[in-house]
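The structure presented is a predicted model; accordingly, all values stated were derived computationally and were not measured. Heavy-atom basis, side chains included; hydrogens, waters and symmetry copies ignored.
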Amino acid sequence: MMKFVFLMMAMIPLSFFNCFWLIQFVWMFMVFMFLLNFSFNCTHMYLSYDFGVDLLSYLMLLLSFWICSLMILASQKIYVYKFWSHLFLFLMIVLMLCLFLAFSTLNLFVFYVFFEVSLIPSLMLIVGWGYQPERLQAGIYLLFYTLFASLPMMIAIFFYYKSFNSLDFHFLTGESNELMLYLCMNMVFFIKIPMFLVHLWLPKAHVEAPVSGSMILAGVVLKLGGYGLMRMMVIFLSLGMKINFFLISLSMIGGLIVSLICLRQGDIKSLIAYSSVTHMGLAVSGILTLNFWGMSGALLMMIAHGLCSSGLFCLANINYERLSSRSLFLNKGLINIMPSLSLWWFLFLSSNMAAPPSLNLMSEIMLINSLLSYEVLNMAVLMGLSFFAAAYSLYLYAFSQHGKVYSGMFNFNSGFMREYLLLLLHWLPLNVLILKGELMSLWI
């Protein structure tokens with residue numbers, strides 16, 4: 001494990017020499033180094049110094065390396081205009097280091113520390129490279145929503161350590177029946193993933209963030225919440241059987257409400273951000289059912305959503321760089337100007353509505369199984385969620401691709417090779433991973 005940490009720390013000096021594409025190549029190379037050492041027997045790999053990965057951490061780390069590599073590919077504008085590009089690279093490496101250590105640690109307190117530290121580079125990305133003055137407000141929202149729940153979590157961790165004498169994930173077997181401990185320990189994860197009612201920071205942060213900020217937020221940072229919930233639910237099994245019902249109901253009905261909000265968005269990025277809340281609501285519900293289907297489906301949903309949502313934000317940014325607007329009222333008739341990009345909109349939005357052969361479909365089938373075995377009445381909400389997911393995806397596609405072309409566009413570029421490569425590298429794993437979908441469900 002430590003060799004990867006030292007390799008990333010060795011990359012920090014490279015950031016000050018503006019080695020943009022070298023760092024991107026190294027991260028892509030690390031993905032394949034990681035893949036070569038995949039363990040098929042579901043045990044821990046890379047054990048060293050209280051760090052190590054099982055299949056859950058392994059997949060999250062692969063996703064982190066992949067998305068961080070693609071973030072650099074998407075941020076060519078920062079490189080071309082020399083807009084503090086060395087600081088941008090430095091923040092990226094620090095953020096990747098925090099995510100790497102958070103996902104690979106075997107100790108709850110170390111996980112908590114890096115979970116919180118990852119907030120700082122994310123905040124600096126939004127405030128430093130965001131587009132509008134409102135980015136400061138979005139950054140404050142992001143900071144305070146997370147910090148509000150993180151102090152209770154730290155106290156809960158100390159209390160748990162005092163009661164059970166261990167914070168190692170392997171020994172988190174001490175059952176706790178205290179509702180207060182449950183809320184203190186998990187609230188920060190509910191905010192991070194985010195659950196309905198504590199999700200308001202997410203659309204703000206996404207809309208104001210640069211493309212790289214949106215990609216890392218949607219692709220990896222939200223997944224810290226799901227990862228934490230999956231690790232912590234072991235402690236609250238008996239209590240979870242009693243109270244998770246309320247949280248599942250809240251997440252699913254919240255998802256339905258947010259789907260309706262998506263249908264009246266005029267801002268492309270805002271629509272994609274709200275659709276994230278819907279998908280993550282489904283993943284939270286799956287985790288809280290505490291059954292095999294739910295946990296496996298939620299893991300798959302997190303990977304599928306990380307790739308799909310990140311790809312959609314890239315598409316939104318490609319449009320934004322040409323029209324200088326994210327409004328659906330100006331982003332119209334694009335099929336007449338950029339037909340090849342229109343194909344990519346179709347491919348990503350079809351994955352977003354869980355059409356085959358995407359990983360989203362497999363994850364939704366598993367989550368539907370899980371939620372129906374938990375309570376048959378969930379069927380009504382699940383039907384609504386599936387229908388509205390298709391509805392807002394079609395709404396975004398139809399409004400952006402068809403209609404009258406905006407006359408204020410003077411010069412136009414149909415797309416660079418870099419942009420198509422970026423989209424392909426999002427879409428390919430999203431639709432090929434379903435062939436080895438069984439591996440995703442082996443970790444439990």
Side-chain angles (χ1 to χ4, degrees), residues 24 63-64 66-78 83 88 91-92 95-96 99 118-132 134-139 141-143 145-146 192-194 199-225 258 262 265 267-280 302-328 331 344-345 348-349 351-352 396 400 418-419 422-423 425-427 430:
Q24 197 242 333
L63 184 66
S64 305
W66 193 254
I67 296 291
C68 279
S69 176
L70 296 181
M71 277 167 71
I72 296 182
L73 199 57
S75 304
Q76 194 194 19
K77 221 172 180 182
I78 293 170
F83 186 58
F88 175 78
L91 279 176
M92 292 271 303
L95 181 56
M96 184 62 234
L99 291 169
S118 67
L119 190 67
I120 298 164
S122 313
L123 177 70
M124 289 176 79
L125 268 176
I126 292 170
V127 175
W129 286 269
Y131 299 121
Q132 275 86 22
E134 288 85 22
R135 64 181 184 269
L136 295 170
Q137 188 191 7
Y141 259 61
L142 169 68
L143 192 67
Y145 260 89
T146 313
K192 200 74 169 182
I193 198 168
H199 69 284
L200 289 176
W201 65 270
L202 184 74
K204 270 190 180 300
H206 270 313
V207 167
E208 303 306 329
V211 61
S212 50
S214 289
M215 284 170 73
I216 198 72
L217 267 176
V220 187
V221 174
L222 300 190
K223 311 305 174 270
L224 277 167
V258 171
C262 282
Q265 287 300 316
D267 185 313
I268 294 178
K269 265 184 120 172
S270 186
L271 195 154
I272 300 166
Y274 275 110
S275 80
S276 291
V277 180
T278 311
H279 287 115
M280 288 295 102
M302 292 199 301
I303 294 163
H305 173 265
L307 292 163
C308 182
S309 196
S310 178
L312 283 168
F313 280 118
C314 288
L315 277 164
N317 183 65
I318 290 168
N319 279 15
Y320 181 76
E321 283 179 355
R322 283 154 180 71
L323 282 94
S324 301
S325 171
R326 294 187 312 264
S327 171
L328 273 171
N331 282 269
W344 285 108
W345 273 107
F348 277 104
L349 286 169
S351 294
N352 198 43
L396 176 54
S400 61
R418 172 187 61 84
E419 291 169 340
L422 173 66
L423 295 170
L425 291 176
H426 275 108
W427 185 82
L430 179 63

Original post:
Could you walk me through whether Val211 and Ile318 pass the side chain to side chain contact (heavy atoms under 4.5 Å, CB included) check?
Top reply: CA-CA 9 Å; Val211 61; Ile318 290 168; over 6 Å; no

Original post:
What do the steps show when you test Asn352 against His279 for side chain to side chain contact (heavy atoms under 4.5 Å, CB included), and what is the final call?
Top reply: CA-CA 9 Å; Asn352 198 43; His279 287 115; 3.2 Å; yes

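Scanning both residues, Phe313 and Ala218, for their nearest heavy atoms gives CE1-CB, 3.8 Å. Nearest heavy-atom pair across Cys262 and Leu271 is O-CD1, 3.5 Å. Heavy atoms only, all atoms of each residue included: Asp267 and Lys269 are closest at OD1-N, 2.9 Å. In this structure, Asn331 and Ser325 approach most closely via the heavy-atom pair ND2-O, 3.0 Å. Contact between Cys314 and Ala74 at its shortest, heavy atoms only, is SG-CB, 4.4 Å. Contact detail for Pro210 and Ile126: the closest heavy-atom pair is CD-CA, 4.1 Å.
Take Tyr274 and apply the ring-ring contact (aromatic ring centres under 6.0 Å, His included) test, not counting sequence neighbours, and it matches no residue.
Atom CZ of Phe348 and atom CG of Leu423 lie 5.0 Å apart (nearest 0.5 Å). Atom CE of residue Met124 and atom CG of residue Leu95 lie 11.5 Å apart, to the nearest 0.5 angstrom. To the nearest 0.5 Å, atoms CG (Leu91) and CG (Leu125) are separated by 5.5 Å. The structure places CD1 of Ile268 at 5.5 Å from CG of Asn319, a figure rounded to the nearest 0.5 Å. Residue Lys192 holds its NZ atom at 5.0 Å from OG of Ser118, rounded to the nearest 0.5 Å. One distance of note links CD1 of Ile272 with CZ of Arg326; it measures 10.0 Å at 0.5 Å rounding.
Between Met92 and Ile216 there is no side-chain heavy-atom pair separated by less than 4.5 Å. The shortest side-chain heavy-atom distance between Glu321 and Gln76 does not fall under the 4.5 Å cut-off. Residues Met96 and Met71 are not in side-chain contact: their nearest non-hydrogen atoms beyond the backbone lie 4.5 Å or more apart. Using a 4.5 Å heavy-atom threshold, the side chains of Ser212 and Phe88 count as touching. Inter-residue side-chain proximity for Leu202 and Ser276 is flagged as met; some heavy-atom pair is nearer than 4.5 Å. Leu63 has its side chain within reach of Leu307: a pair of non-hydrogen atoms, C-beta onward, lies under 4.5 Å apart. Looking at Val221 and Leu119, their side chains never come closer than 4.5 Å, going by heavy atoms from C-beta outward.
Looking at Trp129, its side chain does come within 3.5 Å of a backbone N or O of Phe83 through a donor-acceptor pair. A donor-acceptor contact shorter than 3.5 Å links the side chain of Arg418 to the backbone of Leu73. Not a single donor-acceptor pair under 3.5 Å links the side chain of His305 to the backbone N or O of Lys223.
A side-chain hydrogen bond (donor to acceptor under 3.5 Å, both in side chains) check over residues 199-209, counting only residues at least two apart or in different chains, returns nothing.
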